[in-house]
Amino acid sequence: MTKDSATIKAIYFDLDDTLCAYWDASKKGLLRAFAQCGPEGHSPEELMRHWAATFREFSPTLKQTGWYEGYCVSGEPTRTEQMRLTLERIGIADEAMALELSEAYRHERNAALRLFPDAAQVLEILSNRYPLGLITNGPADIQREEIATLGIARYFKHIFIEGEMKEGKPLPAVFARAAEAMGALPQELLFVGNSYAHDVRPALEEGWHAIWVRRKTDIPPSHDEARRKLEQIPPSGPVPDAVASSLTDVLGYLGIKALSGARV
């Protein structure tokens, strides 16, 4: 246990790409959905590229274009709209196909969703030593579905979902709400997440401890300069208490040994 970690009384985790491989499941789900229901003459890989371009344009505008209120409740409307816009990019106007693709993507993504190999053991060990919480962005229905699929609700004393709160990370109010629920001071809380911008920086700025989980698969190749810069700590940014290459490293930071012989 490090000197700083001795003050920690409770721990919150991010969900997607911290505890579970969401983006990997998303990619598999998209490719399978496009293979099953996509328009003839267009490969799943081509449609995936169009979907990604649509996502980069559409997703950041949700709050400005009136989609956010509905998005908080259900992922279906925006998921289907992204499919409609994807088809539009290749000159196809087909509402029924967009809806079919949307539902196939949701089903296949959920079927492919998995915890990272060490997640269950780490949560089991920590939940016997600390009260744990979860703070995750996304629609209420989708995030609850993920939690149920992964079977992890039992580990958490408190679960905060953007769609249920109508606000998400990195807003300070989200971290204040989570601290109040635990009955803990900021300096007594640890946040573990894979996003510097949404998890690590806001937690540190609110006085929490923070561990940045950066797996090898999260770090872009050096030639992808724009994205690589986004995944670095900016010169003026606060420095996390630790950078972890796996969830097992969180145990090490807290001075806890993984169970011998267990899969980590």
Side-chain angles (χ1 to χ4, degrees), residues 1-5 8 10-28 52 55-56 59 112-126 130 132-138 143 146 150 152 155-156 160 162 168-171 174-175 178 189-258 262-264:
M1 178 178 289
T2 67
K3 182 179 178 181
D4 289 342
S5 70
I8 293 169
I11 304 169
Y12 277 95
F13 284 86
D14 168 58
L15 177 58
D16 293 334
D17 294 312
T18 295
L19 294 176
C20 66
Y22 177 82
W23 180 231
D24 185 57
S26 180
K27 288 185 286 187
K28 290 177 180 176
F55 181 84
R56 288 192 295 270
S59 183
L113 193 65
R114 299 287 187 276
L115 288 171
F116 285 110
D118 57 351
Q121 186 203 24
V122 169
L123 291 174
E124 188 71 39
I125 291 172
L126 291 180
Y130 299 90
L132 303 184
L134 189 70
I135 308 177
T136 179
N137 284 359
Q143 298 309 103
E146 281 188 43
L150 297 168
I152 57 175
Y155 294 116
F156 301 110
F160 294 100
E162 178 187 15
K169 301 173 294 181
L171 293 179
V174 172
F175 291 87
L189 292 164
L190 169 66
F191 196 85
V192 180
N194 74 303
S195 169
Y196 181 80
H198 286 86
D199 300 328
V200 175
R201 181 167 192 155
L204 292 169
E205 288 177 343
E206 292 307 304
W208 294 32
H209 299 272
I211 293 178
W212 190 9
V213 179
R214 298 196 76 198
R215 298 177 179 84
K216 290 181 180 180
T217 52
D218 294 333
I219 303 172
S222 59
H223 68 269
D224 191 352
E225 189 66 18
R227 185 166 163 244
R228 185 175 65 84
K229 286 182 177 179
L230 286 174
E231 291 302 319
Q232 290 180 330
I233 300 171
S236 60
V239 177
D241 293 77
V243 178
S245 61
S246 70
L247 292 169
T248 304
D249 289 345
V250 177
L251 298 181
Y253 172 77
L254 295 166
I256 302 169
K257 290 185 178 180
R263 184 186 180 196
V264 297

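Just so it is clear, the structure is predicted and the values come from calculations on it, not from any experiment. Residues take their numbers from the sequence shown, with the count starting at 1.
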Working note: His198 + Ile135, criterion side chain to side chain contact (heavy atoms under 4.5 Å, CB included); need CA distance, chi angles, decisive distance, verdict. CA-CA 11 Å; His198 286 86; Ile135 308 177; over 6 Å; no
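- Ser246 pairs by the side chain to side chain donor-acceptor pair (under 3.5 Å) definition with nothing, not counting sequence neighbours.
- For Lys28, the salt bridge (Lys or Arg N to Asp or Glu O under 4.0 Å) criterion is met by Asp24, not counting sequence neighbours.
- Between Ala210 and Ala203, the closest heavy-atom pair is CB-CB, 4.3 Å.
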Verdict with reasoning, Asn194 to Tyr22, per side chain to side chain contact (heavy atoms under 4.5 Å, CB included): CA-CA 12 Å; Asn194 74 303; Tyr22 177 82; over 6 Å; no
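- Nearest heavy-atom pair, Leu113 versus Cys20, reported as atom, atom and distance to 0.1 Å: CD1-SG, 4.0 Å.
- Asp241 CG to Ile8 CD1: the interatomic distance, rounded to the nearest 0.5 Å, is 7.0 Å.
- Not a single donor-acceptor pair under 3.5 Å links the side chain of Asn137 to the backbone N or O of Glu162.
- The shortest distance between side-chain heavy atoms of Val122 and Phe116 does not fall below 4.5 Å.
- A search for side-chain contact (heavy atoms from CB on, under 4.5 Å) contacts involving Gln143 returns Leu15, Asp16, Thr136, Glu146, Ile161, not counting sequence neighbours.
- Counting all heavy atoms, side chain and backbone alike, Leu204 lies closest to His209 at CD2-C, 4.4 Å.
- The shortest distance between side-chain heavy atoms of Leu19 and Asp14 does not fall below 4.5 Å.
- Residue Leu123 comes nearest to Phe13 through the heavy atom pair CD2-CE1, 3.9 Å, listed as atom of the first residue, atom of the second, then distance.
- Contacts of Asp249 classified as salt bridge (Lys or Arg N to Asp or Glu O under 4.0 Å), with partners at least two apart in sequence or in another chain: none.
- Interatomic distance, CZ of Phe156 versus CD1 of Ile11, reported as 10.5 Å (0.5 Å rounding).
- Evaluation of the side chain to side chain donor-acceptor pair (under 3.5 Å) rule for Glu206 yields no partner, not counting sequence neighbours.
- Between the side chain of Arg215 and the backbone N or O of Thr18 there is at least one donor-acceptor pair closer than 3.5 Å.
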Check the pair Ile256 / Tyr130 against side chain to side chain contact (heavy atoms under 4.5 Å, CB included), numbers first and verdict last. CA-CA 12 Å; Ile256 302 169; Tyr130 299 90; 4.2 Å; yes
Let me see the working for Leu254 and Leu126 under side chain to side chain contact (heavy atoms under 4.5 Å, CB included), right down to the final yes or no. CA-CA 10 Å; Leu254 295 166; Leu126 291 180; 3.6 Å; yes
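- Panel note: side chain Tyr253, backbone Ile211; no donor-acceptor pair is recorded below 3.5 Å.
- Annotation: side chain of Tyr12 is in contact with side chain of Phe160 (closest heavy-atom distance under 4.5 Å).
- Shortest non-hydrogen contact noted between Pro240 and Val200 is CB-CG1, 3.8 Å.
- Nearest heavy-atom pair across Ala197 and Pro170 is O-CB, 3.6 Å.
- Residues forming a ring-ring contact (aromatic ring centres under 6.0 Å, His included) with Phe191 (at least two apart in sequence, or on another chain): Phe175.
- With a 4.5 Å cut-off on side-chain heavy atoms, Trp212 and Asp199 do not count as touching.
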